[in-house]
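Side chains included, hydrogens not; waters and symmetry mates left out as well; all remaining heavy atoms used.
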Amino acid sequence: MGKCLWFAANFQEIIMSEELSNNEYRQQRIQNMEKLEAAGFPAFGQAFERTARLDELHASFEEGRQVKACGRIVAMRKMGKMAFAHISDGSDKFQLMVKQDMLSEDVFDAFKLLDLGDIIGVSGELFVTRTEEQTIRVDHWTLLSKALLPLPEKFHGLTDVETRYRQRSLDLISNPEVMDVFKKRTQVLREIRTFLDARGFYEVETPMLQQIAGGAAAKPFKAYYNALNVDVYMRIAPELYLKRLIVGGMDRVYEMNRNFRNEGLDRTHNPEFTALEIYQAYGDMRTMQELIQSMFTHLAETIFGKLEFQWMGNTINLQTPWREVAYCDLIKEHLGNDWFEKSMEEAVAKAEELEVHVERGMDFKQVTHEIYDKTIEGTLIQPTFITRLPKELVPLANHCSDDPEVVDVFELIIGGKEIAPAYSELNNPIEQRARFEAQAAGDGSKIDEDFLAALEYGMPPTGGMGIGIDRLLMLLTGSDAIRDVILFPQLKPRG
RNA sequence: GGGCCGGUAGCUCAGUCGGUAGAGCAUUUGACUUUUAAUCAAAGGGUCGCGGGUUCGAGUCCCGCCCGGCUCACCA
C-alpha cells in the first residue's frame with residue numbers, strides 16, 4: 001500500500017510536467033487507475049495466456065466451455081449489479097457479461113471502475129444470451145493495461161483524415177475496415193513471395209544506401225556516411241544490383257522492398273514506396289507478361305476470392321488474357337489511321353484542340369506521347385499491355401527483333417494508371433554504356449562502372465519487370481489514395 | 001506552386017445578419033441483474049488551428065501564416 005502511494009505520487013509529478021496533464025479525461029482515468037490499484041488491480045499487468053484469439057473463439061464456440069480471453073474494452077453497459085462489455089483484440093469483438101454474484105462485491109465494483117480503452121484479460125464460461133450473442137460469463141478478470149486517454153467515439157469512430165494518418169493506432173482501433181486493408185496487405189505480400197518462390201525465384205536484398213542512385217530517372221534522397229566520408233543516396237531502384245546477380249548466375253531473382261524518390265506527394269505518390277522487381281534470365285518481355293497475369297489473378301482469387309474490383313469509380317475485371325496493343329496502333333485508334341503521316345503543325349493543332357499543353361522544341365514523337373499521356377492512358381480501364389514503344393521513351397530496353405525503332409517492352413495499364421513496366425532487358429554492354437553516357441550528360445561520376453563491368457562478362461537475355469505494390473494494393477482493396485494502403489504515409493510536420 | 005474547400009468540447013458535428021459557445025456520443029454523480037448506439041435523472045467540460053487588424057463587441061468580417069482534403073500544374 002505504501003509503495004502504491006509512493007508510485008502514484010511520483011507518477012502525478014511526472015505527468016504534471018506534460019501538456020497532457022491538463023486533459024480532464026486523463027486525470028479522471030488516472031484517478032480510476034489509483035482506485036483500481038488500491039483495490040488490488042495493478043494498472044499494467046503481465047503476459048496473459050489466452051485460450052484463443054477472439055475470432056477463433058467465435059469460430060470454435062462451444063456452450064459451457066471454460067475459456068480465457070483478452071482485449072481492449074470497446075463498449076460497456078453497466079447496470080446496477082451486472083454489466084455487459086465488448087472487448088476487441090484486432091481480430092474480432094466478443095461480449096462479456098459480468099455479474100456481481102459471480103464475483104465478490106469488491107471485484108465487481110472494481111470492474112465498474114474500468115474505462116473504455118482499458119485492456120483486460122478474463123476467464124469464464126461461454127454461453128449464448130437471450131438475444132443470441134456469444135458471450136463469456138466472467139468469473140475472473142485482470143487489468144492488463146490502463147488506457148489514460150479516451151478512445152474516439154463508438155458510433156462514428158475516427159473520421160478526421162489528418163488524425164487518422166497521424167495517429168494510425170487510433171485509426172486501427174476504431175476502424176475495422178482499415179485494419180482489414182492492412183491485413184490484406186500483409187497477405188498479398190506473403191502470397192507474392194509464395195508464388196514467386198514456387199516458380200524458382202530467389203528473394204534477395206540489395207543496397208538501399210547507394211553511392212550512385214541508378215536504375216531509374218528520379219531524384220534521390222541524399223545522406224552522408226561518416227565512416228567512409230562519402231555522400232550516399234537512398235536507392236531509387238534496385239535494378240542495377242539485381243542485374244549483377246543475373247550476371248552472377250542467380251538466374252531468377254526478385255526483391256520486394258522500399259524505393260525512395262525525392263518527389264512531391266499526391267494521391268498516388270509517396271516518397272517511399274514498395275516496389276517488386278523481378279528478373280528472369282533466358283526470358284523476355286513475354287515471360288513477364290505471362291508471369292504478371294498469373295500472379296495477379298492468383299492473388300485476386302486466393303486472397304480476395306474474385307476477379308472483379310471496384311477502383312476509382314470503375315469496375316475492373318482481371319480475367320485473362322488481358323488486352324495487348326502496340327503503342328502505334330493505340331495512337332491510330334484514338335487519333336486516326338493517318339496520324340503518323342501528319343505534319344508537325346497538324347500534330348500541334350490536334351494537341352491544342354485536345355487541350356494538351358506542348359512545349360516549344362518538342363518533336364513529333366514527344367507531342368504524340370504527350371497526347372497519349374494526357375488523353376489516352378486514362379481511358380484504359382481494363383488491364384492493357386501496351387507494347388512496342390518508341391525507343392526514345394524507354395532508353396534501357398532491348399529493341400524488337402523485327403524493328404530497331406521500337407523496344408520490346410510492355411506498360412501494363414489498369415484503371416488508367418501505370419501499374420507495371422516490363423522489358424526485354426538490354427544486355428549489350430557497349431550499347432548500355434552509350435546510353436548511360438548520353439543520360440549522364442558528361443558527368444562521369446553518375447555512371448555505374450561496376451555495373452557496366454559486370455555486363456561485360458555477359459548477361460543472358462533477361463526479362464525484367466517492376467510492379468508498384470502500393471498501387472496494386474490500392475486496386476485490390478478499392479482504395480483511392482496511396483495513403484490508405486501505407487501504414488505511416490509521409491506527412492508534413494505538425495505546425 | 002495556383003485555385004477551391006475545411007480546422008469549434010476527448011470523438012462526430014451544428015453555429016443564421018457581427019451581440020452570453022451548442023447538440024449527440026464520451027465523462028462525472030445517482031437509479032437499474034439479459035444489455036448491445038442500453039435506458040432514466042442531474043452535472044461538469046472550450047487557446048473556436050496560430051498571429052495581427054476592423055469594431056463598443058469577432059467562431060462569424062479583413063490580412064498573414066500553419067495543417068489537411070480535392071483539383072490543376074510541375075516532376076517522372
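Cation-pi geometry between R244(A) and Y241(A) is satisfied (NZ or CZ under 6.0 Å from the ring centre, within 45° of the ring normal). Figure legend: cation-pi geometry between R388(A) and Y327(A) absent, as NZ or CZ is not positioned both under 6.0 Å from the six-membered ring centre and within 45° of its axis. F436(A) does not carry K446(A) over the face of its six-membered ring by the limits of under 6.0 Å from the centre and within 45° of the normal.
Close to rU28(B), at under 4.0 Å from its OP1 or OP2, lies a side-chain N or O of N32(A).
rU39(B) is paired with rA31(B) under the Watson-Crick or G-U wobble criterion, all donor-acceptor distances under 3.5 Å. Base pairing annotation: rC50(B) forms a Watson-Crick or G-U wobble pair with rG64(B), both donor-acceptor distances under 3.5 Å. Base pairing of rC70(B) is made with rG3(B), judged by Watson-Crick or G-U wobble geometry with both donor-acceptor distances under 3.5 Å. The nucleotide rA26(B) finds no pairing partner, because no Watson-Crick or G-U wobble arrangement with both distances shorter than 3.5 Å includes it.
When the C1' atom is used for both rA14(B) and rG46(B), the distance is 15 Å, rounded to whole Å. Rounded to a whole angstrom, the distance from the C1' atom of rC50(B) to that of rC67(B) is 10 Å. Taking the C1' atoms as reference points, rG10(B) lies 7 Å from rA26(B), given to the whole Å. Comparing the C1' positions of rU34(B) and rU39(B) gives an interatomic distance of 14 Å, to the nearest angstrom. With C1' as the reference atom, rG59(B) and rU8(B) are 7 Å apart, rounded to whole Å. Of the P atoms belonging to rC48(B) and rA58(B), the separation is 12 Å, rounded to the nearest Å.
Closest to the side chain of D101(A), out of rG68(B), rU33(B), rG24(B), is rU33(B).
Residues of residues 259-272 of chain A that place a heavy atom closer than 4.0 Å to RNA chain B, in numerical order, are R267(A). Listed by residue number, the members of residues 75-95 of chain A with any heavy atom below 4.0 angstrom from RNA chain B are R77(A), K78(A), M79(A), G80(A), K81(A), M82(A), F84(A), H86(A), Q95(A).
To the nearest angstrom, P of rU12(B) lies 13 Å from CG of L151(A). Across the protein-nucleic acid pair, E24(A) atom CD and rU27(B) atom P stand 12 Å apart, rounded to whole Å. For L116(A) and rA38(B), the CG to P distance is 9 Å, given to the nearest whole Å. Going from atom CG of D160(A) over to atom P of rC13(B) covers 8 Å, rounded to whole Å. Residue Q28(A) contributes atom CD, which lies 12 Å from atom P of rG45(B) at whole-angstrom precision. Between the CG atom of L158(A) and the C1' atom of rC25(B) there is a distance of 14 Å, rounded to whole Å. Atom CD of E418(A) is separated from atom C1' of rA76(B) by 9 Å (rounded to the nearest Å). Put simply, NZ on K112(A) is 9 Å from P on rG30(B), counting in whole angstrom units.
Contact detail for Y233(A) and A213(A): the closest heavy-atom pair is CB-CB, 3.8 Å.
In the model, D115(A) has a side-chain atom that pairs as donor or acceptor with a side-chain atom of N32(A) under 3.5 Å. Judged by distance alone, the side chains of H156(A) and E153(A) do bring a donor and an acceptor atom under 3.5 Å apart.
Stacking of the aromatic ring of Y25(A) onto the base of rG10(B) is not found under the criterion of centres within 5.5 Å and planes under 30°.
In this structure, W141(A) and F41(A) have parallel ring planes: the angle between them is below the 30° cut-off, well short of the 60° mark.
Summarising the local packing, NZ of K183(A) is surrounded by more than 12 heavy atoms from other residues, nucleotides or ligands at distances under 6.0 Å. With a 6.0 Å radius and a threshold of 12 heavy atoms from other residues, nucleotides or ligands, H399(A) has its NE2 atom at or below the threshold.
Using a 4.0 Å cut-off between charged nitrogen and carboxylate oxygen, K219(A) and E263(A) do not count as a salt-bridge pair.
Residue order along RNA chain B, read from the 5' end via each residue's closest nucleotide, puts R29(A) first among A481(A) and R29(A). Place D373(A) and K35(A) on RNA chain B by their nearest nucleotides, and K35(A) ends up nearer the 5' end.
Put simply, the side chain of T135(A) and the base of rU34(B) share no donor and acceptor less than 3.5 Å apart.
Residue K99(A) is classed as a base contact, given a heavy-atom separation below 4.0 Å to a base. Heavy atoms of T159(A) sit under 4.0 angstrom from primed sugar atoms or phosphate atoms, though from no base atom. Among the heavy atoms of the strands, none lies under 4.0 Å from D480(A).
Here the rule is salt bridge (Lys or Arg N to Asp or Glu O under 4.0 Å) with D484(A), and of R164(A), R168(A), R185(A) only R164(A) fits it.
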